[in-house]
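In each ligand, atom 1 is the first atom listed, and ligand 1 is the first ligand listed. Just so it is clear, the model here is predicted, and its values are computed rather than measured. Heavy-atom basis, side chains included; hydrogens, waters and symmetry copies ignored.
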Amino acid sequence: MAATPAGRAVKRLVVLVSGSGTNLQALLDEIERTGAEEYGARIVAVGADRTGVEGLARAERAGLPTFVCRVKDHGTRQEWDAALAEAVAAHRPDLVVSAGFMKIVGKEFLARFGGRFVNTHPALLPSFPGAHGVRDALAYGARVTGCTVHFVDDGVDTGPIIAQGVVEVRDEDDESALHERIKEVERRLLVEVVGRLARNGYRIEGRKVVIQ
Ligand code: GRF
């Protein structure tokens, strides 16, 4: 088994995507740049809830195994959740990263991966949770917004916060311009946070995440 410079095992990451996968790409690029041993983790598989997305193409170009688990291929949401958990578990991840994965996972998934399932959200939680964090911050008239990397719990974007990045809202911003600037900060933050979690280990104490 590969080891980090500190002699610890390189952690296994499964990344879940639904779209363009630029956060996934940032992880791939950093691991390629530093080497998995130095970074502390490597991506062992990429999963999606839909076919034909650029995130999956990025994984394929990187030579990684991919899997797709679509809600509509399962009788109930619960069955989908169990199938997703099974597909992820097959790759024996230490950490699962939701990088623009636009589905809420259920009980079975959280029973298996709770406390090691990391999400990135394009707003400063607890403000503007949900699928339209950028649009909602803009519509509210917030002057600063940003991104939040957090552990997933059974609420919608309510889990313990690991790190946040701040982005100023400009007068001329529309949703897409603001989201692009947020994503620049978000990619750097996600890469930094996942590496630190993998290399140092962490504990979750109530709402606090302590990285050792
Ligand atoms: C990110 O801003 C993420 O927070 C949001 O969707 C975006 C995904 O971007 N949920 P990408 O697919 O990584 O490019």
Side-chain angles (χ1 to χ4, degrees), residues 13-33 39 41 43 45-62 64 66-71 84 88 95-105 109 113 117-140 142 144-153 155-170 173-195 197 209:
L13 308 178
V14 168
V15 180
L16 300 178
V17 298
S18 296
S20 63
T22 63
N23 281 283
L24 163 67
Q25 191 66 53
L27 287 165
L28 287 168
D29 291 349
E30 183 66 3
I31 295 168
E32 168 84 22
R33 192 183 72 78
Y39 184 68
I43 300 173
V46 174
D49 63 328
R50 58 197 78 181
T51 55
V53 291
E54 182 59 20
L56 286 174
R58 290 176 193 276
E60 279 154 21
R61 286 199 293 273
L64 291 171
T66 61
F67 58 89
V68 173
C69 194
R70 301 191 300 185
V71 172
L84 179 70
V88 169
L95 284 173
V96 183
V97 181
S98 159
F101 185 63
M102 300 303 284
K103 287 280 182 304
I104 307 290
V105 299
F109 193 95
F113 301 108
F117 185 29
V118 174
N119 180 47
T120 174
H121 179 75
L124 293 174
L125 295 172
S127 292
F128 313 117
H132 305 291
V134 180
R135 189 188 304 171
D136 294 346
L138 204 53
Y140 195 85
V144 291
T145 183
C147 51
T148 302
V149 179
H150 65 98
F151 284 107
V152 179
D153 68 5
V156 177
D157 301 322
T158 53
I161 291 171
I162 310 168
Q164 294 183 299
V166 175
V167 174
E168 280 190 27
V169 179
R170 295 180 186 158
D173 268 337
D174 60 11
E175 184 180 353
S176 121
L178 179 57
H179 199 173
E180 272 318 306
R181 287 208 318 290
I182 290 172
K183 283 175 72 169
E184 282 171 26
V185 175
E186 191 177 22
R187 291 190 281 261
R188 285 197 297 273
L189 191 70
L190 184 68
V191 163
E192 194 243 323
V193 165
V194 170
L197 293 173
V209 179

**Q** Would you call Arg187 and Glu192 a salt bridge, taking side-chain N to carboxylate O under 4.0 Å as the test?
**A**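 So Arg187 does not pair with Glu192 through a salt bridge.
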**Q** For atom 7 (C) of ligand 1, grab the closest protein heavy atom and report residue, atom and distance to one decimal in Å.
**A** His179 NE2, 3.9 Å
**Q** Quick one: which ligand 1 atoms are inside 4.0 Å of a heavy atom on Thr22?
**A** 11 (P), 12 (O), 13 (O), 14 (O)
**Q** Shortest non-hydrogen contact from Val118 to Phe151?
**A**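 Here Val118 and Phe151 meet closest at CG2-CE2, 3.6 Å.
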**Q** To which protein heavy atom is atom 12 (O) of ligand 1 closest, and what is the distance rounded to 0.1 Å?
**A** Gly21 N, 2.7 Å
**Q** For the ring pair Tyr140 and Phe128, is the centre-to-centre distance below 6.0 Å?
**A**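 Ring centroids of Tyr140 and Phe128 are less than 6.0 Å from each other.
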**Q** Going by atom types only, do Thr148 and Gln164 share a side-chain donor-acceptor pair under 3.5 Å?
**A** yes
**Q** Purely on distance, is any nitrogen or oxygen of Gly100 under 3.5 Å from one on ligand 1?
**A**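 No; the residue has no nitrogen or oxygen that sits under 3.5 Å from a nitrogen or oxygen of the ligand.
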**Q** What is the distance from atom NZ of Lys183 to atom SG of Cys147, rounded to the nearest 0.5 Å?
**A** 11.5 Å
**Q** For atom 3 (C) of ligand 1, tell me which residue out of Glu186, Glu54, Gln25 has the closest non-hydrogen atom.
**A**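 Answer by nearest heavy atom: Glu186.
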**Q** What protein heavy atom sits nearest atom 9 (O) of ligand 1, and how far away is it?
**A**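 The closest one turns out to be Lys183 NZ, 3.1 Å.
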**Q** Tell me whether ligand 1 is touched by Val17 - counting only heavy atoms on the residue side and a distance under 4.0 Å.
**A** no
**Q** Please list the nearest protein heavy atom to atom 10 (N) of ligand 1 with its residue and the distance rounded to 0.1 Å.
**A** Met102 SD, 3.7 Å
**Q** Taking only heavy atoms of Thr120 into account, list the atoms of ligand 1 that are under 4.0 Å away from them.
**A** 3 (C), 4 (O)
**Q** Salt bridge check, Arg33 against Glu30: does any charged N sit closer than 4.0 Å to a carboxylate O?
**A** yes
**Q** Compute the minimum heavy-atom distance from Gly55 to ligand 1 and say whether it is under 4.0 Å.
**A**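 Contact absent.
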**Q** Side chains of Arg135 and His179: does their closest heavy-atom pair fall under 4.5 Å?
**A** no
